[in-house]
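In what follows, a single structure is set out as structure tokens and then discussed.
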Amino acid sequence: MVLNKDKNLKIYYSIKEVAQMLGVAESTLRFWESEFPQIKPKTARGTGIRQYTEKDIEQLKVIYNLVKVRGFKIAAARKMLNVNKEGADRSADILNTLISVRDQLKDLKKHIDTLT
């Protein structure tokens with residue numbers, strides 16, 4: 001059996017962890033699972049506990065971008081994913097980059113404020 005030596009690298013994430021990452025309720029993730037066939041988290045045998053992979057999380061980020069950021073209705077977001085998956089992915093990547101830059105700028109501002 002191969003051991004995971006990098007403790008920061010997880011294979012599976014719980015629904016609670018994923019909901020916190022995206023800033024949505026767990027019920028929202030369950031609803032999206034019923035509406036988007038692309039989202040199929042593994043369920044633990046016997047317990048039914050959802051286990052999300054990095055791939056699942058990336059797909060959820062795309063859906064989040066379409067529904068929560070860009071304001072698409074569920075049917076329109078589903079259609080966008082089916083018709084223009086590459087464009088939806090690119091848009092989510094751009095959004096993630098912008099959020100990262102914003103967070104870095106906030107940190108820099110805090111640092112500058114402590115110096116003055």
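Of all heavy-atom pairs spanning Ala77 and Phe72, the tightest one is N-CD2, 3.9 Å. Across all their heavy atoms, Ala25 and Ala19 have their closest contact at C-CB, 4.1 Å. Counting all heavy atoms, side chain and backbone alike, Thr114 lies closest to His111 at OG1-O, 2.6 Å.
The distance from the CZ atom of Arg45 to the OG1 atom of Thr43 is 9.5 Å, given to the nearest 0.5 Å. Considering OH of Tyr13 and CE of Met21, their distance stands at 5.0 Å, rounded to 0.5 Å.
Following chains of ILVMFWY side-chain contacts shorter than 4.5 Å, one can reach Phe31 starting from Met80, so the two form part of one hydrophobic cluster. A continuous path of hydrophobic side-chain contacts links Val69 to Ile39 [ILVMFWY only; heavy atoms under 4.5 Å].
Evaluation of the salt bridge (Lys or Arg N to Asp or Glu O under 4.0 Å) test over residues 11-30, restricted to residues two or more places apart or in two chains, returns Lys10-Glu17, Glu26-Arg30. Within the structure, every pair that satisfies the salt bridge (Lys or Arg N to Asp or Glu O under 4.0 Å) test and touches residues 97-112, not counting sequence neighbours, is listed here: Lys109-Asp113.
Side chains of Asn82 and Gln38 form a contact here, defined as non-hydrogen atoms less than 4.5 Å apart. The shortest distance between side-chain heavy atoms of Ser14 and Gln51 does not fall below 4.5 Å. By the 4.5 Å heavy-atom criterion applied to side chains, Thr53 and Asp56 are counted as neighbours. Residues Leu29 and Tyr52 have side chains in contact (heavy-atom distance under 4.5 Å, counting atoms from C-beta outward). At a threshold of 4.5 Å between non-hydrogen side-chain atoms, the residues Leu81 and Gln59 count as touching. The shortest distance between side-chain heavy atoms of Ile74 and Trp32 falls below 4.5 Å.
If you chain together ILVMFWY residues whose side-chain heavy atoms come under 4.5 Å of each other, Val101 ends up grouped with Leu105.
Side chain of Arg50 to main chain of Lys42: no donor-acceptor pair is present (N/O by atom type, distance under 3.5 Å, no hydrogens or angles). Checking side-chain atoms of Asn65 against main-chain N and O of Lys61 turns up no donor-acceptor pair under 3.5 Å.
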Practice problem: Any chance you could lay out the side chain to side chain contact (heavy atoms under 4.5 Å, CB included) test for Leu22 and Thr28, step after step, and finish with the verdict? | Solution: CA-CA 10 Å; Leu22 297 175; Thr28 300; over 6 Å; no

